[in-house]
Structures are given as C-alpha cells and as structure tokens.
Amino acid sequence: MEYRTISQDGQAQEEIKKSRFICHAKRVYSEEEARDFIAAIKKEHYKATHNCSAFIVGEKSEIKRTSDDGEPSGTAGVPMLGVMENHQVTNVCFVVTRYFGGIKLGAGGLIRAYAGSVALAIKEIGLIEIKEQAGLRLKMSYSQYQNFDNFLKAENLIEFDTEFTDLVATTIYIDKQEKEPLEQKLIEFFNGKIQIDDQGLREVEIPLTVE
C-alpha cells in the first residue's frame, strides 16, 4: 500500500472577477463517502450558484468521477480532476463552490478558475505519501547502544519507544522492501550479537513538497 493524498481535510478560497470560489477538500475511502461529502457541501452552500466536484478513490485510483453541476460541460469537474491527476493523488474529494459575482468568465476562464481552485487548495493544505513500513524491535547491551547512533545516522533512521532495563530495547521502522537488507546490515554491524524481533507493519504519513 503506497499512495499520495492531502495531508488533512481543509479548504481554500479566492475571488475571480467578483465570483467567489471555495474549494473544499476531504480524504475519502469509498465512492459513497465522496458522494456524502458532496451532498453535505451542497446542503451547506445551497445558495451557491454551483457546487462542482471531482474525486478519485482507490490505491490504484480505480474510481474517478466528476460533476460540472450546471456549469458548461467540461469546464469544471474535468479540469479539477486533471489537477488531481497531475499531483497523483487519490482517496480525496474536491468540491468547488462558486458564488456568481455577475461577470461571466467564458469557457477558458472557468477551466482556469476551477483547476486553479484545486491547485490552490492542494498548495495550502499540503500533500503526504502514505506507505506501509516494517517495524523491528532491537535488544542490545549498553555498550552496543553507544555505537548504535552511528548506525542510525548512516542509514538515516530514527529510533522509537526506547527502554532501558538490563538491556536496551528500541524500535526502528523501514520501508517493507528494505527490511531484509537492513536486518543483514544490523547483524553485520553487531557481529551477530543482537536480538531482532519483527513488529509487523504500520501505516506512516510522509509530508511531500508541493510544486
């Protein structure tokens, strides 16, 4: 399991030629959840001129849906989806609420406005990569632990849940595909004198830079 999505639910808004565009973003994990979110935004902003939407669901982006909600066909939902695809995000739904300000934007202006709203929201909210990592619980002597920091720095790792009793116990997390090679490195580093226990998998969120 490895995919990109928004760092958290949120919104962003801007004014374009007196029309107000509010982009609402939410993490969703099913088509039903996405449609419930769209319905909730429509209910909240029932006085708005349009509530256009786009969502992608599935770790492999299997489900993609768009709605222009009364805007000219192809000027809202599809451009919104295009921005999402460019950022390679999934399990997220965007609804752009438009309060018409009296000035028509034209097809090109609408496409830029709706795509721009999603791009702005992604930039303000931020993106993360969600991946599964493998945990390893290590037990070592105090003298071994004094050298362990060198290993962590060399492998760019962080330790968690460190306990000091008659031995030192600590946990590290690595990407699944790195688990076996890293175990071998640990064994070599400690000349085979270290206890390694598998801690299973956990889901981690890694912040990404939005360009």
Side-chain angles (χ1 to χ4, degrees), residues 1-131 203-211:
M1 181 181 68
E2 199 167 307
Y3 63 91
R4 294 158 64 115
T5 192
I6 53 173
S7 63
Q8 60 188 3
D9 300 344
Q11 62 174 252
Q13 61 177 300
E14 59 183 339
E15 191 173 296
I16 301 170
K17 291 186 178 179
K18 297 187 177 179
S19 278
R20 188 156 60 104
F21 291 85
I22 309 166
C23 183
H24 316 266
K26 181 178 175 61
R27 282 200 220 175
V28 293
Y29 299 95
S30 67
E31 184 167 353
E32 183 183 14
E33 204 177 340
R35 294 198 182 281
D36 286 347
F37 176 61
I38 295 165
I41 296 298
K42 283 186 171 184
K43 187 176 181 181
E44 181 184 350
H45 292 276
Y46 67 94
K47 290 185 178 179
T49 322
H50 306 280
N51 286 290
C52 305
S53 59
F55 63 84
I56 302 177
V57 174
E59 286 172 31
K60 295 184 172 65
S61 304
E62 298 91 334
I63 301 170
K64 298 180 181 182
R65 302 282 185 269
T66 66
S67 168
D68 294 316
D69 194 41
E71 291 283 27
S73 180
T75 61
V78 170
M80 290 166 64
L81 186 71
V83 174
M84 296 166 71
E85 290 174 331
N86 287 343
H87 285 284
Q88 299 174 312
V89 294
T90 189
N91 287 348
V92 60
C93 179
F94 289 93
V95 182
V96 177
T97 300
R98 181 190 183 190
Y99 286 91
F100 183 55
I103 300 172
K104 291 188 176 180
L105 300 181
L110 288 172
I111 290 168
R112 285 191 296 274
Y114 281 100
S117 286
V118 173
L120 178 66
I122 286 174
K123 187 174 182 182
E124 289 193 3
I125 295 168
L127 296 179
I128 55 168
E129 182 176 36
I130 292 181
K131 55 167 56 174
E203 194 177 88
V204 293
E205 299 184 356
I206 301 162
L208 298 171
T209 303
V210 179
E211 297 177 359

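None of these values were measured; they are calculated from a predicted model.
- Atom-to-atom distance recorded for K17:NZ and L105:CG is 6.0 Å, nearest 0.5 angstrom.
- Across every non-hydrogen atom of K26 and D9, the tightest pair is CA-OD1, 3.3 Å.
- Closest heavy-atom contact between A12 and E124: CB-OE1, 3.5 Å.
- Looking only at distances, no side-chain donor or acceptor of S67 sits under 3.5 Å from a matching main-chain atom of S53.
- Listed by first and then second residue, the ring-ring contact (aromatic ring centres under 6.0 Å, His included) pairs involving residues 66-107 are H45-Y99 (not counting sequence neighbours).
- Proximity of a side-chain donor or acceptor of R35 to a complementary backbone N or O of S30 within less than 3.5 Å is not detected.
- Remark: Q8 pairs with I125 by the side chain to side chain contact (heavy atoms under 4.5 Å, CB included) rule, at least two apart or across chains.
- The number of heavy-atom neighbours closer than 6.0 Å to CD of E62, taken from other residues, nucleotides and ligands shown, is above 12.
- Summarising the geometry, atom OH belonging to Y29 is positioned 10.0 Å from atom OG1 belonging to T90; distances are rounded to the nearest 0.5 Å.
- The minimum heavy-atom distance between I128 and P207, with the atom names listed, is CG2-CA, 4.0 Å.
- Pairing each heavy atom of I38 with each of C93, the nearest pair is CG1-SG, 3.8 Å.
- For CZ of R4, the number of neighbouring non-hydrogen atoms (other residues, nucleotides, ligands) closer than 6.0 Å is greater than 12.
- Of all heavy-atom pairs spanning C23 and V118, the tightest one is SG-CA, 3.9 Å.
- We find the CE-OG1 distance between M84 and T5 to be 8.0 Å, quoted to the nearest 0.5 Å.
- A distance of 11.5 Å separates OG of S117 from CZ of R20, quoted to the nearest 0.5 Å.
- E71 places no side-chain N or O within donor-acceptor distance of the main-chain N or O of D69, the cut-off being under 3.5 Å.
- In this structure, I56 and E85 have side chains that are in contact, with non-hydrogen atoms separated by less than 4.5 Å.
- With sequence neighbours excluded, the residues satisfying ring-ring contact (aromatic ring centres under 6.0 Å, His included) with F21 are Y114.
- Looking at residues two or more places apart in sequence or on another chain, you find a side chain to side chain contact (heavy atoms under 4.5 Å, CB included) between V57 and V28, F55, I63, N91.
- In this structure a side-chain-to-backbone donor-acceptor pair under 3.5 Å is missing from T97 to N51.
- Looking at residues two or more places apart in sequence or on another chain, you find no salt bridge (charged side-chain N to carboxylate O under 4.0 Å, His left out) involving D36.
- Residues passing the side chain to side chain donor-acceptor pair (under 3.5 Å) test with Q88: none are found, sequence neighbours excluded.
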Give the intermediate values and the outcome of side chain to side chain contact (heavy atoms under 4.5 Å, CB included) for residues R27 and I6.
CA-CA 7 Å; R27 282 200 220 175; I6 53 173; 3.8 Å; yes

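- Residues L110 and P72 approach most closely at CD1-CD, 3.7 Å, considering heavy atoms.
- The closest donor-acceptor contact from the side chain of S7 to the backbone of L127 lies at 3.5 Å or more, if one exists at all.
- Counting heavy atoms from C-beta on, the side chains of I22 and Q11 come closer than 4.5 Å.
- Using a 4.0 Å cut-off between a side-chain N of Lys or Arg and a carboxylate O of Asp or Glu, E14 and K123 do not qualify as a salt bridge.
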